[in-house]
Amino acid sequence: MKPLPSTERGRRTRAAIVTAAARLMQERGLASPSMDDVLAASNAGKSQLYHYFDGKQDLAVAVLHHQFDRVMAAQPSLGDPACADLGQWRAEVLLAHRESGMGTCPLGVFVGQVDQDPVLRDTLADLFRRWQDALAGLVDRAVRAGGVIPDTDPAAAGRALLTALQGGIMLAHLHGEPEPLAHAVDHVVDGLTGSARAPGRA
């Protein structure tokens, strides 16, 4: 990707383009919207678009990073070095999913759409690794705080949480109800904390 613009106005224009592209790509697929579609949706000029992005692939990379930032913003416990509470993360995940109308994962929706483009595939894989590492960091803090079973492997736990989250979101979206996501996440969280699932928790 090109460096971020040096002016506030430039950063706002670039952000408007990326936000519009992200909305279109999440709705239609990463490859579907044309650059003209993005221009129309963002009210940007063609010279602005190509000033900030080298082409469709460059814009798609920016969209993937934008979607990752959305995910992290909806799960602030992952970036909070003082947070060691898996229950707080669980609540954030379920709230974000409800607020999305039980939609698809902003990042996971692109899995399977990048296989033919090594740059996009590697970018998406790296962002998922960063997400998994953030989950592992939360588990590590929980272990040290005594909230997770001792000797838990944070890396393995982070992978299990991310797997449960992605599968749960997919099934919740398919069935139009939040229970599959809550059950998938609870199964892993309860296994890590050693606690029984609380009645009525959703």
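With hydrophobic clusters built from ILVMFWY side chains whose heavy atoms lie under 4.5 angstrom apart, Tyr50 shares a cluster with Tyr52. By the criterion of side-chain heavy atoms lying less than 4.5 angstrom apart, applied directly or through intervening Ile, Leu, Val, Met, Phe, Trp or Tyr residues, Val93 is not grouped with Met170; the two fall into different hydrophobic clusters. Linking Ile, Leu, Val, Met, Phe, Trp and Tyr whenever their side-chain heavy atoms come within less than 4.5 Å leaves Leu171 and Met102 in two separate clusters. In the hydrophobic clustering of this structure, Val119 groups with Val114; members are Ile, Leu, Val, Met, Phe, Trp, Tyr whose side-chain heavy atoms approach within less than 4.5 Å, directly or through other members.
By the 4.5 Å heavy-atom criterion applied to side chains, Thr193 and Ile149 are not counted as neighbours. Contact annotation: the side chain of Trp89 approaches that of Leu165 to within less than 4.5 Å [non-hydrogen atoms, C-beta and beyond]. Within the 4.5 Å cutoff, the side chain of Phe53 has heavy atoms near those of the Val18 side chain. For the pair Arg129/Gln132, no side-chain contact is recorded, criterion being any heavy-atom separation below 4.5 Å from C-beta on. Between Leu161 and Leu86 there is a side-chain heavy-atom pair separated by less than 4.5 Å. Between Ser42 and Thr19 the shortest side-chain heavy-atom distance does not fall below 4.5 Å. Contact check for Leu135 versus Arg159: no side-chain heavy atoms found under the 4.5 Å cut-off.
Of the N and O atoms on the side chains of Ser77 and Gln88, not one donor lies less than 3.5 Å from an acceptor on the other residue. Side chains of Arg70 and Gln67: a donor-acceptor N/O pair is present below 3.5 angstrom, by distance only.
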Handout entry: Test log, rule side chain to side chain contact (heavy atoms under 4.5 Å, CB included), inputs Arg141 and Asp85
Key = CA-CA 8 Å; Arg141 295 192 295 274; Asp85 184 0; over 6 Å; no

Problem - Val111 and Phe128: CA distance, side-chain angles, deciding distance, side chain to side chain contact (heavy atoms under 4.5 Å, CB included) verdict - result: CA-CA 10 Å; Val111 173; Phe128 267 101; 3.9 Å; yes

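Between Ala155 and Asp153, the shortest heavy-atom distance links the atoms N-OD1, 3.1 Å. Closest approach of Ala84 and Ala142 over heavy atoms only: O-CB, 3.4 Å. In terms of heavy-atom proximity, Ala96 sits nearest to Ala74 at CB-CB, 3.9 Å. The two residues Met72 and Ala134 come nearest to each other via the heavy atoms SD-CB, 4.5 Å. Of all heavy-atom pairs spanning Asp37 and Ser32, the tightest one is OD2-O, 4.4 Å. Taking all atoms of both residues into account, the shortest heavy-atom contact from Arg90 to Ala182 is NH2-CB, 4.2 Å.
A donor-acceptor pair is defined here as one N or O able to donate and one able to accept, closer than 3.5 Å; such a pair exists between the side chain of Lys56 and the backbone of Ala31. In terms of modelled atom types and a separation under 3.5 Å, the side chain of Asp58 and the main chain of Asp54 share a donor-acceptor contact.
The distance from atom CG of Leu30 to atom CG of Leu59, rounded to the nearest 0.5 Å, is 9.0 Å. Distance check: Asp69 CG to Leu64 CG gives 11.0 Å after rounding to the nearest 0.5 Å. For the atom pair OG1 (Thr104) and CD (Gln166), the distance works out to 10.0 Å, reported to the nearest 0.5 Å. The structure places CG of Leu181 at 10.0 Å from NE2 of His183, a figure rounded to the nearest 0.5 Å. Rounding to the nearest 0.5 angstrom, the gap separating the NE2 atom in His65 from the CG atom in Asp126 is 7.0 Å. Rounding to the nearest 0.5 Å gives a distance of 12.5 Å between CZ of Arg14 and OG1 of Thr7.
Few gaps surround CD on Glu8; more than 12 heavy atoms of other groups in view lie less than 6.0 Å from it.
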